[in-house]
Amino acid sequence: EYIKIMKQHNLICFIELKGDFSDEEIESMFGFVREEYDISKCIMQSFEFDNLLKAKEVVPDLPLMLTYGVGDGDYEKCFEYGISIDTDYNALTQKMVDDFHSRGLLVAAWTANTRFALNYCRAMGVDLIESDYFMK
């Protein structure tokens with residue numbers, strides 16, 4: 001249903017993998033996404049870096065993002081593998097945005113559910129903003 005809604009509204013589809021997934025599970029999941037939607041409009045995200053590395057091997061054209069929260073440590077490992085970041089807006093810094101953008105990588109921020117959070121993300125220059133609400 002989620003994929004159908006994203007397709008209907010031509011939106012970026014974030015699919016977060018929580019827990020450990022096998023190569024076969026990742027390949028099957030995104031094979032389905034490829035059949036039902038445009039894989040370039042989907043982004044796989046995960047707190048587990050191993051899931052991202054597996055996905056990079058089995059679905060090489062799938063955009064990837066490390067899910068990153070306050071206090072999660074080093075995000076710089078993303079640079080070696082060309083992996084973008086999806087961060088809690090509370091962990092977002094201008095240095096982080098600049099570090100990713102200077103390498104041609106995307107920065108997404110979650111969950112901007114207030115005007116302050118939305119404006120903060122915009123001011124930082126993030127590429128994608130996730131919210132539970134539609135705000136203009």
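Atoms considered below: every heavy atom in the structure, side chains included; atoms not considered: hydrogens, waters and symmetry mates. By convention here, the first residue in the shown sequence is residue 1.
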Requested in this report: Start with the C-alpha gap between M96 and H101, add the side-chain angles, then the distance that decides, and say whether side chain to side chain contact (heavy atoms under 4.5 Å, CB included) holds.
Outcome: CA-CA 9 Å; M96 179 187 291; H101 284 171; over 6 Å; no
Query raised in the report: Are the ring centres of Y68 and F47 closer than 6.0 Å?
Result: no
Query raised in the report: Just by distance, do the side chain of S46 and the backbone of N51 share a donor-acceptor pair under 3.5 Å?
Result: no
Requested in this report: Could you grab the distance from atom CG of L11 to atom OH of Y37, nearest 0.5 Å is fine?
Outcome: 6.0 Å
Query - Connected hydrophobic set around V70, excluding itself, where side chains approach under 4.5 Å - result: none
**Report entry** Pairwise distance CE(M44) to CD1(I39) - rounded to 0.5 angstrom
**Finding:** 11.0 Å
Requested in this report: May I ask you to decide if the ring planes of F116 and Y120 are parallel, tilted or perpendicular, using 30° and 60° as cut-offs?
Outcome: parallel
Query raised in the report: If you round to the nearest 0.5 Å, how far is CE of M65 from SG of C78?
Result: 10.0 Å
Acceptor/donor pairs from residues 14-21 side chains to any protein atom, 3.5 angstrom cut, sequence neighbours excluded:
| from | atom 1 | to | atom 2 | distance (Å) |
| --- | --- | --- | --- | --- |
| D20 | OD1 | K54 | NZ | 2.9 |

Requested in this report: With sequence neighbours excluded, give me every salt bridge (Lys or Arg N to Asp or Glu O under 4.0 Å) pair touching residues 30-52.
Outcome: R34-D61
Query raised in the report: Judged by atom type as modelled, is there a donor-acceptor pair below 3.5 Å linking the side chain of T111 to the main-chain atoms of N113?
Result: no
**Report entry** S102 side-chain N/O to D99 backbone N/O, donor-acceptor pair under 3.5 Å
**Finding:** yes
Report summary line: d(I12 CD1, L128 CG) to nearest 0.5 Å is 6.0 Å
Query raised in the report: Do L92 and V107 have side-chain heavy atoms sitting under 4.5 Å apart?
Result: yes
**Report entry** Donor + acceptor pair across side chains of T67, D86 (<3.5 Å)
**Finding:** no
